[in-house]
Every structure is written in C-alpha cells, then in structure tokens.
2 protein chains.
Amino acid sequence: MTEHLRAHLQTAQEPAIFHFGSAMRDLTEGDWLALNNLPVLHRFVGRGRTLLREGDPVSRLRVVCKGWAVRSCRIDDERRQILDFILPGDIVGLHVDGHGASLADIEALTPCEVGEIEMKAVERLAIQSPGVASGLQDILVRHLAQSNDHLVRLGRMNAYERVCGFLSDIYTRQKDHSPGPVDFPITQTIVADALGLSVVHVNRQVMQLRREGLVTLNRRQLTITDPDRLADASGFRDRKFSHNRTTYLAAE
Amino acid sequence: MTEHLRAHLQTAQEPAIFHFGSAMRDLTEGDWLALNNLPVLHRFVGRGRTLLREGDPVSRLRVVCKGWAVRSCRIDDERRQILDFILPGDIVGLHVDGHGASLADIEALTPCEVGEIEMKAVERLAIQSPGVASGLQDILVRHLAQSNDHLVRLGRMNAYERVCGFLSDIYTRQKDHSPGPVDFPITQTIVADALGLSVVHVNRQVMQLRREGLVTLNRRQLTITDPDRLADASGFRDRKFSHNRTTYLAAE
DNA sequence: CGCCGTTTTGATAGCGCTCAACCCACGTGG
DNA sequence: CCACGTGGGTTGAGCGCTATCAAAACGGCG
C-alpha cells in the first residue's frame, strides 16, 4: 500500500475508528476498510461526569476522541487511587475482571466526546483479521507497560521524583503535535490521587519545581523548560522508562 | 466436547502446553490439538538466577512449570521494585516495550523448570485459532487486573494493609489445590521490595499479624488462620479486589 | 564449626500527612 | 455592580508513619 493511500484511508474516516486503528501497527488496507464498517455510537460526557462505573459490565469499547479523563478506584470515603490518564485518542474498556465488569471508574476531567464500538463486533473482526487481533494485543501490552512505570513510581520514588516523572509523562504523551506548552487540565488534587500523595505535599513539590525554574504550570497549561533535566530528576536512570515505554508508540 | 475428553486432552500433554492452554478459556478440542503441536524448549534455572533480563529481546514465551520467580525493576544500587510474583503455571514474556524488549528482570526465587515456546509460532497459531487469540488476550487482561490491585496497594494503603493484602493474595492464588498451609518461598526482603517498604518495617507488620494470631509464616510456609479477616484488614472494601480480580480465573 | 543471609528488636531521624488558615479566580444572583 | 459562595492553590506548624542505623539472635549450609 502506498503512503498516499494509507494517508487517505486514515483521514477519510470516523475519528473514533481513526484513533482505534492508529493505536495498532501494521494494519493492511483491508483491515482499515473493515474497521470503517464498525458502527460507532457517539456520546458526549460533561466535565466531572462518570463515563463508566466500577463494576459496570463493559460491552462496548470506548474511544475518547476529545477531552481528558481518568481511570480511578475509590477505596473508601477519603481514599482513591487514580490508575491512569486518558488523553484524546486513548481507548477505554479493556480493564475488566473475569466477568467483563469494569475494574474502575472512568471520570471526565473535561467535556469528552466518546465513540463507542461494540466489543462483540471488534472480536468478530479480530477473528477475520490478524492485523486487528495483534493490534488489540499491542494496545493491551502498552497498557501493561504504563502500569509498570506507575508501579515503580508509587513503590520506590519519593514525592519529588514522582511529580517530575508524572509531569514528564504528561508532557511526552502530547509532545508530538506541538512544541512549547501542552494541555494540562489537571488539578493538584488529581495529581495527588494519581501519585499517592496528599494535595498539600504535591503543592510543595510543584512550588519547588517552579523555584528551580523547571516548569511553569497552571490549571490549563504545562510548560517544561528543560525536558531532559526534568526526566533525569524523575529517578528513572537514563530516562529509559518514561521515554521508551509509556510513549513507545510515538517513538516509532 | 465431553468432560472426559477434555480431561484426557489436558492431562495428556506437555506441562508447559497444559498450563498455557489452561490459562485460556473456551478452547476447542482443535485448539488443544494445535497447541500440542507447538515445540517446547525446556530450561532449568537455579535459585537466584536470572531467567530474563530487562532490555533483553523476548522472542519466546516462558511458562514456569515448577518453581517461583519475581518480575522486578532495578532503579539504582539500593532501590528495586518487584512488579509481580510468578507461580507455577504462570506465563512470562508478555511485558515488553514497543521493540519487544523485556520491561523487567525475571529472577528465580526457587529452582525453576521453564518451558519456552516461540512467540512467532504462538502468533501463527493465534491467526488460525480464534480461541487461542482471545485466550492470549484473556491472559493480558488478567495481568492488567493484577497491576491494578498492586497500584492501589502501593498508592493508597498503609504498611499493615499492604502486608495483609499481599499475604491474602499469595494465599488465594494457591488455595485451589490444598487446604491448610501454602508455599511461601519468599524472604521479607522480597516482600519489602514488592510492597515499597523497608525490610525492617515489613518485619514489624508481620510480627504484629502474628501477635494478632492471623498468620503463621516462615521461609517455607504460610498459614492463614482466618482468610476473611485477613482480607478485610487489607483495606479493599468487601474483598472485591483480591477475591474477584487477581484470582478471578480460579473463581470460575 | 564458622560463615552468611535472614529475622528481630531498639533508638533515632525524616519524609510526607493532617489541620488550619488565607488567598485568589470565577461564577452566580441580588 | 457588588456580595457571596465555591473550588482550587499556597503556606505554616506539628505530628505520625516509615526509613535508617545498629546490634544481636537465628538458622541453614559448606
């Protein structure tokens, strides 16, 4: 398939399908055509609303086409853990238990546009198309890599390193499209719940980073002065993790 | 297929293949026959030896047929994080980056017998057999669920809850075969590196649990007096996690 | 027997939490 | 136009959970 044709196919379609297919590697022209036949249900979710609740049966795969969301577990009234951040183009609905029930809540950080695709239909497609089947596996494996990084962060990094690594990650995941500042629709409370810290302590680390001139950030935007230095400060030796792993698709 | 035939097929084969297939659901007779044709390379790994090193290209899937191992990341000279525990029957080699390189070291806690299967061969098989393809996905999804639990543990549980939850997990993962005590070839240093705590503090929590009469454990065996009480003490409301998730295959 | 890895215990220090207060930006309604 | 409420950010004081350091006991193994 020529590059030209591929580009045409990729841009010609439904955004949800485009993102879904783009997350896979080595799709053939036929795979793309088949993907395009998948029916997509559109939904809009307001900020703060729950897209999917823990324990809900997941029969549809969700592609978040616009907006940000988080996947989080509530432990009790005063504790919750944010498991990952969902950026535009990310896919939701793969974290399920043995009965197909969601392992966590998905909550919109900003208004979201979501495309929903029947899991059954995707599975049928995967049977016919090896490219889609292995693409699904790619997506799952990438989630595993992300969990890995987060586990190391929570288990063995101190507060300063956690914040550095987190900001570095969020930065790198968006860096492909635009130089300069990136979106950051995240409160410090959210950061705290993601990093297993208290809000107050997150704030102290952020203040520290500002004093050191490493970052500029507010509720809207994040600017990183020296990405390499920030990544170094995140504790992962030679930036191997956040650079090659969480964002390893972008690296190709 | 009759139960009798299934039982026959499952027991008639190579242990590595048996475990591999058993980790999947809804395999047809044909799937099992095809699995049995996969060539298996046998390896033996001594205690403390490294089965697979971080960064190594993973071209073969490993089934640990006998023995225990851990998957761990070294951060620097004095810090490491253990990401999960590999028990007999577990599958290794799915945690890879975008280039197929291992994300972590796999280290044998006890002497291990490992069956190695060419990834390429498995992929070829998955193309022909939908059961195997979706079985592979099952395995990946189960790993995701495990990571989830561990993330919550590291992010939002205190030392006591972490130890309770950990012991509870190890117990539940083996409980299907034998009542009473279960294997526990794990030093407190290993527990510490898994739970993001210091050895000394792990020991204090274990001592506490012993004083409370909840567990008996040494370097060989773990006995849990009242599994329900221990699970309650792990902080997960209604034992939903460790019960339904990490071990959700056993629940079926 | 002697070595070494592991477990246990005490004393001390420090990282990060809690509580509390204050500030700011923003939206809402009178 | 201003009063007010609300959500988020910032800062200080004090405490508690967990780490670190140190030492001793234990147990397996050559």
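Proteins get letters first, then strands, A, B, ... in listed order; numbering begins at 1 in each.
When the side-chain nitrogen and oxygen atoms of A:Q188 are compared with OP1 and OP2 of D:dG7, none of them lie within a distance under 4.0 Å. In terms of phosphate contacts, A:N203 brings a side-chain nitrogen or oxygen within less than 4.0 Å of OP1 or OP2 of D:dT10.
Residue contacts for A:R162: at a heavy-atom cut-off of 4.0 Å it reaches no nucleic acid atom on any strand shown. B:G48 comes within 4.0 angstrom of nothing in the nucleic acid, heavy atoms only. Within 4.0 Å (heavy atoms only), A:R47 reaches sugar-phosphate atoms of the nucleic acid but no base atom. Within the 4.0 angstrom heavy-atom criterion, base atoms lie near B:V200. Backbone-only contact: A:T187 has heavy atoms under 4.0 Å from sugar-phosphate atoms and none from a base. Counting any heavy atom pair closer than 4.0 Å across all strands shown, A:V199 reaches no nucleic acid atom. Using a 4.0 Å heavy-atom distance criterion, B:R220 is classed as making no nucleic acid contact.
When the P atom of C:dT8 is taken as reference, atom CD of B:Q205 falls 13 Å away, rounded to whole Å. The distance from atom CZ of B:R211 to atom P of C:dT8 is 11 Å, rounded to the nearest whole Å. In this structure, A:R204 atom CZ and C:dG14 atom C1' are separated by 14 Å, rounded to whole Å. One atom, CD1 of B:I190, and another, P of C:dG5, lie 14 Å apart when rounded to the nearest Å. Residue B:R156 contributes atom CZ, which lies 13 Å from atom P of D:dT18 at whole-angstrom precision.
A salt bridge links A:R79 with A:D76: at least one charged nitrogen is closer than 4.0 Å to a carboxylate oxygen. Here A:R74 does not pair with A:E54 in a salt bridge; the nearest charged N to carboxylate O distance is not below 4.0 Å.
With A:S168 contributing its side chain and A:L230 its backbone, the two residues share no donor-acceptor pair below 3.5 Å.
With a 4.5 Å cut-off on side-chain heavy atoms, B:I17 and B:I117 count as touching. You'll find the side chain of A:Q205 reaches within 4.5 Å of the side chain of A:H201, heavy atoms only.
Nearest to the side chain of B:N158, among D:dT18, D:dT10, C:dG16, sits D:dT18.
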